[in-house]
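Beneath this line is the structure, given in structure tokens, with notes to follow.
Every heavy atom of this structure was used, including side-chain atoms; hydrogens, water molecules and symmetry mates were not.
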Amino acid sequence: MSQEKVDRYKEEKKNRAKIIKKEKRQWMLTKVVGALVAVLVVAWVGFSVYNYSDTTDSTATVELPSYTVDTAALDEYLETVAVDE
């Protein structure tokens, strides 16, 4: 190894504790910011859903459509089938 490489290695070794502390701080900051963003997104979605459900009129009733079916033809067919048996 050249003397330059040796000097660089010694300098790195001397500052290794500081480098590791700095990396740990950066990693912790990244996790805290990520958690904060996740909490904010969840809170925003929850507030939006609550706000949407609050604005809809829950006292209004929805009238469902009613249908009528004429089964006269079916009844006649079934009577003819029952007679044939």
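- E4 is linked by a salt bridge (Lys or Arg N to Asp or Glu O under 4.0 Å) to R8, counting only residues two or more places apart in sequence or in another chain.
- Applying the side chain to side chain contact (heavy atoms under 4.5 Å, CB included) rule to T71 yields the partners V69, D75; only residues at least two apart in sequence or on another chain are considered.
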Could you pull out every donor-acceptor pair under 3.5 Å between side chains of residues 13-22 and any protein atom, sequence neighbours left out?
from	atom 1	to	atom 2	distance (Å)
N15	ND2	E11	O	3.4
N15	ND2	E11	OE2	3.2

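- In this structure, CG on D7 lies 13.0 Å from CD on E12, to the nearest 0.5 angstrom.
- The hydrophobic cluster containing L74 also contains V81, counting ILVMFWY residues as joined when their side-chain heavy atoms lie under 4.5 angstrom apart, directly or transitively.
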